[in-house]
A.B. asks: 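One structure is given below, represented as structure tokens, and several questions about it will come after.
What's counted below: heavy atoms across the whole structure, side chains too, no hydrogens, waters or symmetry copies. The sequence lines fix the lettering, A, B, ..., with proteins before strands; numbering per chain opens at 1.
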Amino acid sequence: MSYQVATPVFEGPFDLLLHLITKEQVDIYEVSISTIVDAYILELERMQSLDLEMATEFLLIAAILVELKTRRLLPGRDDVDLDEEFGLWEERDLLLARLLECQTFKQAARELERLGDRASHSYPRRAGLDEAFLALAPDLLAGITAEKLRAACVRVLAPKPPPPIVDTEHIAPIRISVQEVVEGLAARLPRLGRATFRELTVDAPDRLTVIASFLGVLELVKQGLADLEQATNFGELLVIWIGDEGASLDALAVEDYAG
Amino acid sequence: MAIEEIRAIEAIVMQADDPIEPHMLAQLLEVSPARVEELCAELAESYEAEDRGFVLVRVAGGYRFQSHPDLAPYVERFVREGQPARMSAAALETLAIVAYKQPVSRAQVASIRGVNAEAVMRTLEQRGYIEEIGHDPGPGQALLYGTTQGFLEKLGLDSLEDLPPLGEFVPGPEVAEALEAGLSADGD
Amino acid sequence: MAIEEIRAIEAIVMQADDPIEPHMLAQLLEVSPARVEELCAELAESYEAEDRGFVLVRVAGGYRFQSHPDLAPYVERFVREGQPARMSAAALETLAIVAYKQPVSRAQVASIRGVNAEAVMRTLEQRGYIEEIGHDPGPGQALLYGTTQGFLEKLGLDSLEDLPPLGEFVPGPEVAEALEAGLSADGD
């Protein structure tokens with residue numbers, strides 16, 4: 001696969017999508033999955049440690065796109081489950097709404113920057129009170145003892161209590177460990193030799209597991225144990241084992257995902 | 001001959017190190033806040049008319065003296081501590097979300113941006129742009145964030161109402177169409 | 001129409017925290033110190049003639065704006081009614097960090113406290129409890145702060161070594177209580 005795709009650094013999945021759609025003026029269906037994977041791997045290489053949350057978000061969107069794309073390629077539309085179809089449209093609309101929202105805040109950010117730039121040319125007076133008036137100001141140290149000072153310092157330096165309950169309202173918990181998935185794949189793939197991504201994830205219980213599997217595949221590619229192939233732009237993603245029989249996993253690299 | 005109130009405002013604002021609120025000036029001068037606003041507007045105009053090197057501005061809910069923006073090249077040479085580092089695009093976008101959606105939790109910001117917001121929000125907090133302003137009353141009790149006085153000061157705004165309406169930034173029909181086409185189930 | 005140099009002097013002196021020496025102004029304006037003195041005298045006269053509430057004075061070897069002596073009663077009232085009378089928790093914590101961690105930069109204090117320390121440190125500096133004691137040798141050359149002699153005297157300490165040791169981080173009863181309160185449903 002090609003690593004020559006010149007991509008700017010993307011701040012997140014929306015950034016990449018917005019770039020692909022608005023800047024490059026391409027139909028997202030014409031963007032091959034390998035382009036997305038390439039861009040993603042480039043991002044991985046730029047990152048010291050992988051932000052699992054961001055990777056998941058990225059792949060969630062990639063998964064929706066792949067699903068949309070596959071759907072479009074179905075030979076006949078008679079066998080399409082209407083409920084599934086509606087679900088897909090809903091996801092598409094949701095994605096569109098999120099992209100528009102993201103784009104809105106990008107514009108708002110530019111305006112904030114402009115306001116800040118303009119304000120930065122005018123320097124505020126902060127001199128405060130003259131000595132003559134300072135003498136009249138209440139003594140803030142009145143009643144402050146060395147012991148109170150020590151207590152205040154300890155208060156600041158003491159470890160903070162954890163927030164009451166972790167706020168996860170909008171973020172689905174990650175229940176599967178990518179490390180487990182990588183180990184599972186490393187056990188299965190050498191026997192299979194090659195398998196489509198769909199085959200590998202056919203019994204995945206939920207989308208998150210599919211995403212974790214995708215991450216796992218990317219990890220194997222990164223470690224030179226697997227390669228990805230896509231026969232045509234619209235073809236299925238093929239995972240090929242290229243590692244030795246008893247190839248051992250780079251435990252450290254995998255920890256990056258898990259940790 | 002300037003009237004006493006005008007002179008008193010100049011004297012007090014000269015000694016204040018934060019924008020001083022009209023109601024505080026009104027209390028010190030024993031006049032109505034409306035009268036203070038009137039006098040301050042008069043003062044600001046007189047500096048303008050006299051082509052002074054400073055301005056009296058209304059910012060973050062109060063009045064303060066600032067150097068005239070024209071003269072920034074001279075002042076920049078003097079200011080010892082360099083201007084704070086420019087904000088990254090990520091920081092600006094996060095700040096925009098907090099400014100327009102406040103009170104807002106970290107998770108909500110992350111959900112809008114599609115990326116983890118923790119590090120960026122911590123930086124914004126340390127740099128004085130945002131602060132914790134409460135807890136979500138819901139079951140999660142998530143910390144809620146909002147913008148600070150310093151945010152208004154740094155952006156030269158009197159209040160949050162002076163932020164341009166978010167509606168102005170919604171992408172135009174051509175962008176929405178491009179996005180829609182890009183995601184359309186029928187492709188092209 | 002005021003000339004550029006006059007306006008530049010007004011701008012620089014307005015935003016400066018301390019009196020500015022004529023030779024510094026001369027350097028910034030690229031004119032002679034004598035010319036600066038001339039322009040400043042002109043400015044001072046114009047404020048006098050216009051009966052402004054502030055004056056431009058030569059003090060401690062430099063120029064600065066002050067409120068007009070006539071208006072001292074208003075400023076005194078502002079000092080009594082418009083200034084905090086007690087040390088806020090944020091101010092006390094900041095002062096404690098500076099006392100125990102000196103020399104320390106503003107950014108370091110912000111990072112330890114997790115919130116911006118600019119305004120609080122400015123107040124502590126103005127009140128004479130902390131002061132600039134050097135520059136960070138690293139890139140950026142951040143200003144480093146420490147506590148003053150006056151601070152030690154007010155606390156009845158001979159030297160910084162007399163500050164009670166922080167000791168192990170065994171939370172005292174009040175900290176344990178605070179932690180518990182923080183964990184309870186309604187937080188603060």
A.B. asks: If you count heavy-atom pairs within less than 4.5 Å of chain A, which of B:His68, B:Lys101, B:Met87 leads?
C.D. replies: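 When all of B:His68, B:Lys101, B:Met87 are compared, B:Lys101 has the most.
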
A.B. asks: Give the C-alpha distance, both sets of side-chain angles, the deciding distance and a yes or no for side chain to side chain donor-acceptor pair (under 3.5 Å) between B:Tyr145 and B:Gln108.
C.D. replies: CA-CA 10 Å; B:Tyr145 292 82; B:Gln108 285 166 332; over 6 Å; no

A.B. asks: Could you check which of B:Val170, B:Leu71, B:Leu155 has the highest count of heavy-atom pairs closer than 4.5 Å to chain A?
C.D. replies: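 Option with the greatest count: B:Leu155.
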
A.B. asks: What residue in B:Pro69, B:Pro73, B:Gly156 has the most heavy-atom pairs under 4.5 Å with chain A?
C.D. replies: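 Counting heavy-atom pairs under 4.5 Å, the top option is B:Pro69.
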
A.B. asks: For the pair B:Asp18 and A:Arg125, find out whether any cationic side-chain nitrogen is under 4.0 Å from an anionic carboxylate oxygen.
C.D. replies: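 Between A:Arg125 and B:Asp18 there is no salt bridge, as every charged N stays at least 4.0 Å from the carboxylate O atoms.
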
A.B. asks: Taking 4.0 angstrom as the limit, do A:Glu101 and A:Arg98 come out as a salt bridge?
C.D. replies: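 A:Arg98 and A:Glu101: not salt-bridged.
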
A.B. asks: Among residues 56-65 of chain B, which ones touch chain A with a heavy-atom distance under 4.5 Å?
C.D. replies: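 The list, in residue order, reads B:Arg64, B:Phe65.
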
A.B. asks: Check whether any side-chain heavy atom of B:Leu143 sits under 4.5 Å from a side-chain heavy atom of B:Arg106, and report yes or no.
C.D. replies: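 Result no, sub-4.5 Å side-chain heavy-atom pair not found.
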
A.B. asks: If the threshold is 4.0 Å, N to carboxylate O, is there a salt bridge linking A:Arg126 and B:Glu153?
C.D. replies: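 Counted as a salt bridge, because a side-chain N and a carboxylate O are separated by less than 4.0 Å.
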
A.B. asks: Against chain B, label A:Phe105 side chain, backbone, both or neither, depending on which of its atoms sit under 4.5 Å from a heavy atom there.
C.D. replies: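 Answer is both: backbone and side chain atoms of A:Phe105 are under 4.5 Å from chain B.
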
A.B. asks: Mind checking whether B:Pro171 and A:Leu100 have side chains closer than 4.5 Å, heavy atoms only?
C.D. replies: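 B:Pro171 vs A:Leu100: side chains touch.
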
A.B. asks: For atom CD of B:Gln102, is the number of surrounding heavy atoms from other residues, nucleotides or ligands below 6.0 Å larger than 12?
C.D. replies: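 Yes.
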
A.B. asks: So does B:Arg35 pair up with B:Glu38, basic N to acidic O under 4.0 Å?
C.D. replies: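 Judged by the 4.0 Å cut-off on N to carboxylate O distance, B:Arg35 and B:Glu38 do form a salt bridge.
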
